[in-house]
Amino acid sequence: MLRVALLGCGVVGTQVAQRLIEHADDLGARAGARLELAGIAVRDAARPRDGVGTVVPRELLTEDAESLVDGADLVVELMGGIEPARALIHRAIAGGASVVTANKALLAAHGPELFEAADAAGVDLSFEAAVAGAIPIVRPVRESLAGDHVRRVLGIVNGTTNYVLDQMTTHGLDLEEALKEAQTLGYAEADPTADVEGHDAAAKAAILASLAFHTRVSLAQVACEGISGVTAADVAAAQQTGHVVKLLAIAEQTAEGVSARVHPALVPVAHPLAAVRGAFNAVFVEADDAGPLMFYGQGAGGRPTSSAVLGDLVSAARDRLVGGRGPRESAYASLPVLPHDAAVTRYQVRLVVADRPGVLAQVAQVLADHGVSIDTVRQAPDEPYAVGVAEGTAVLLLTTHAAREASLAATVTALRGIEPVREITSVLRVEGA
Ligand SMILES: NC(=O)C1=CN([C@@H]2O[C@H](COP(=O)(O)OP(=O)(O)OC[C@H]3O[C@@H](n4cnc5c(N)ncnc54)[C@H](O)[C@@H]3O)[C@@H](O)[C@H]2O)C=CC1
Ligand SMILES: N[C@@H](CC=O)C(=O)O
Ligand code: NA
């Protein structure tokens, strides 16, 4: 029998607790020993919770997380946040317990110190649920592709923002309304700013880039822009040009080094990522020998996430029973992490300009001056995003060819400075074309 300490009984913790009890026989048979839920640490043991007092005995709840950790063989951390999660994981590892966590924020900020501690103590620190919820992605990148060379990872890794953008696109909801729904459905972080501003996706991008490129990539090294600036007009303009707006996490290796970034992007409707709806996630991996791979499934929500947590728990239990260990952190390649403005991408810029002869030539000259090539220019006064602009002005939708982020950003700054440009209403990157 192995004693399991569960830290947190929220959206994910509740589901994990229920399955540990309801599926105890199967889980025990798969692990090789019974997984005994020894207790559940919460902030307020008296608060009513789904399934507690029925499936899960109320006596299992405790407000003393430290004592619970001290008696455990396996610790499942589902509290979220940095402290006390970090201290409790260190305590568990120091006491010889293996740890399973879904806490991407903690791993992206303090992963190296936690992996080193686990390594020194000879225990597992597993985190499949931390990236793209139920989707098996950590294990495939770390284990199945260990013999290949991953070049690029491109994914929708935040369920909340994908749900919000999807609702804006298909039902015309505004961002706040759609976010409230995502919170009610249990997709959002305790502070949904982490979702909306891209921090949650950036933490996952840091983890994925570190795994894929055998190089430590920290949260601070991930360029991050969320969806709070995405408007109904952006969604409409995307539709007119055959795109959908998605929040993407992109990790790449080039000859110069590795990079990771998160930002909203226009994805062509024909691209498989465009069809990822609701809170679903999808991750594309491009590897030298395997070629393109796509992983798709539920990236958020209590039940889906509990699947990944329990998978890790069974593996950690098996490792423990044979006295072995799962794979350790691999950071041997230690490649340079490139600055944010080194990325190569394409921009779609929406500008309000004076509607008179010669303006297009002036705009084109600014792009030429920065070595940025134009792919398409669209001026369609009847399209929804262009209706209602001031008399004597027109809306241009300008899409560039691929160029360095630094050149594209400098081009936008220069466009703002020329007289015929009255306003730049949107700048979105175009990916997956
Ligand atoms: N909700 C989701 O869809 C997903 C969540 N995750 C991650 O799973 C973790 C848990 O997320 P949720 O279950 O959604 O969060 P939640 O906010 O619903 O639950 C957190 C639980 O931890 C407890 N807790 C927090 N601080 C505590 C403290 N100091 N002492 C004792 N108990 C404490 C709370 O009482 C609550 O029971 C987070 O790291 C989150 O990022 C990962 C994938 C999906
Ligand atoms: N808040 C996250 C939960 C899973 O990691 C999301 O919306 O994807
Ligand atoms: Na996962």
Side-chain angles (χ1 to χ4, degrees), residues 5-17 39-47 49-50 52 61-66 68-69 76-89 100-109 126-142 155-165 179 182-204 207-208 211 226-227 247 249 278-283 295-312:
L6 180 55
L7 309 181
C9 195
V11 172
V12 185
T14 308
Q15 299 298 324
V16 170
I40 309 171
V42 292
R43 263 195 288 244
D44 177 4
R47 194 166 71 74
R49 291 160 204 274
D50 281 352
V52 174
L61 298 191
T62 171
E63 292 173 16
D64 183 359
E66 293 189 350
L68 180 63
V69 162
V76 180
E77 185 277 306
L78 296 171
M79 287 176 157
I82 304 298
E83 295 293 355
R86 176 184 174 205
L88 288 166
I89 291 177
V100 175
T101 180
N103 194 336
K104 52 268 161 153
L106 177 62
L107 291 176
S126 319
F127 52 95
E128 182 58 78
V131 185
I135 304 176
I137 184 68
V138 169
R139 200 179 300 266
V141 171
R142 188 165 57 179
I156 294 171
V157 294
N158 183 267
T160 302
T161 46
N162 202 55
Y163 182 86
V164 168
L165 292 170
L179 179 59
Q183 286 177 280
T184 307
L185 292 164
Y187 305 144
E189 295 303 301
D191 175 3
T193 315
D195 299 293
V196 173
E197 297 304 341
H199 306 145
D200 176 77
K204 293 165 180 169
I207 296 170
L208 280 174
L211 288 171
I227 65 162
L247 184 73
F280 275 71
N281 284 189
V283 185
F295 301 84
Y296 172 81
Q298 296 192 70
R303 258 187 96 165
T305 307
S306 75
S307 165
V309 170
L310 289 165
D312 274 351

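In what follows, residues are counted from 1 in the order of the sequence shown. Numbering of ligands and ligand atoms starts at 1, following listing order.
Under 4.0 Å from ligand 1, heavy atoms of V11 appear from its side chain as well as its backbone. Neither the backbone nor the side chain of E63 has a heavy atom within less than 4.0 Å of ligand 1. Contacts with ligand 2 closer than 4.0 Å are made by no heavy atom of A132, backbone or side chain.
Look at P136 and the Na ion (ligand 3): no N/O/S atom of the residue is under 3.0 Å from the metal. In summary, I135 places an N/O/S atom under 3.0 Å from the Na ion (ligand 3), meeting the contact criterion. For the Na ion (ligand 3), the N/O/S atoms of G299 include none lying under 3.0 Å.
Protein heavy atom closest to atom 38 (C) of ligand 1, with residue, atom name and distance, is G80 CA, 3.6 Å. The protein non-hydrogen atom at the shortest distance from atom 5 (O) of ligand 2 is K104 NZ, 2.5 Å.
F127 places a side-chain heavy atom less than 4.5 Å from the side chain of V138.
Atoms of ligand 2 lying under 4.0 Å from any heavy atom of E189, numbered from 1 in the order shown and given with element: 1 (N), 2 (C), 3 (C). Atoms of ligand 2 found under 4.0 Å from any heavy atom of Y187 (numbered from 1 in listed order, with element): 1 (N), 2 (C), 3 (C), 6 (C), 7 (O). Taking every non-hydrogen atom of G159 and a distance limit under 4.0 Å, the qualifying atoms of ligand 2 come out as 6 (C), 7 (O), 8 (O). The contact set between ligand 2 and A188, taken as ligand atoms under 4.0 Å from a residue heavy atom, comprises 1 (N). Per-residue contacts place A300 under 4.0 angstrom from the following atoms of ligand 1 (heavy atoms of the residue considered): 3 (O). Close approach to V42 involves these atoms of ligand 1, each under 4.0 Å from a residue heavy atom: 31 (C), 32 (N). Atoms of ligand 2 lying under 4.0 Å from at least one heavy atom of D195, given by number and element, are 1 (N), 2 (C), 6 (C), 7 (O). Short contacts between ligand 2 and G299, defined as distances under 4.0 Å to a heavy atom of the residue, involve ligand atoms 4 (C), 5 (O), 8 (O). For ligand 1, the atoms lying closer than 4.0 Å to a non-hydrogen atom of L78 are 10 (C), 20 (C), 21 (C), 22 (O). Counting atoms of ligand 1 from 1 in the listed order, those under 4.0 Å from a heavy atom of G186 are 1 (N), 2 (C), 3 (O). Atom numbering of ligand 1 starts at 1 in the shown order; those under 4.0 Å from a heavy atom of G8 are 21 (C), 22 (O), 23 (C), 37 (O). Under a 4.0 Å criterion applied to the non-hydrogen atoms of P84, ligand 1 contributes the atoms 29 (N). Contact atoms of ligand 1 toward G301: 2 (C), 3 (O) (distance under 4.0 Å to a heavy atom of the residue). Within ligand 1, counting atoms from 1 as listed, the ones closer than 4.0 Å to a heavy atom of C9 are 21 (C), 36 (C), 37 (O).
Residue contact check for ligand 1: G133 places no non-hydrogen atom closer than 4.0 Å to it. Not a single heavy atom of G133 sits closer than 4.0 Å to an atom of ligand 2.
The distance criterion of under 3.5 Å between nitrogen or oxygen atoms is not met by R47 with respect to ligand 1. Ligand 1 has a nitrogen or oxygen under 3.5 angstrom from a nitrogen or oxygen of V12. The shortest N or O to N or O distance between A130 and ligand 1 is not under 3.5 Å. The shortest N/O to N/O separation between D200 and ligand 1 does not fall below 3.5 Å.
Protein non-hydrogen atoms do reach within 4.0 Å of atom 32 (N) of ligand 1.
For D191, the CG atom is densely surrounded, since the number of other residues' heavy atoms within 6.0 Å is greater than 12.
Of all the heavy atoms in R49 and C9, the pair that sits closest is NH1-O, 3.2 Å. Annotation for A129 and A102: closest pair CB-CB, 3.7 Å, computed over non-hydrogen atoms.
For atom 7 (O) of ligand 2, the choice among V11, T160, D200 with the nearest heavy atom turns out to be T160. Among M79, R303, R49, the residue whose heavy atom lies nearest to atom 24 (N) of ligand 1 is M79.
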Quick one: do Q15 and S306 satisfy side chain to side chain donor-acceptor pair (under 3.5 Å)? Show the steps, please.
CA-CA 6 Å; Q15 299 298 324; S306 75; 5.3 Å; no
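Using a 4.0 Å cut-off between a side-chain N of Lys or Arg and a carboxylate O of Asp or Glu, E189 and K104 qualify as a salt bridge.
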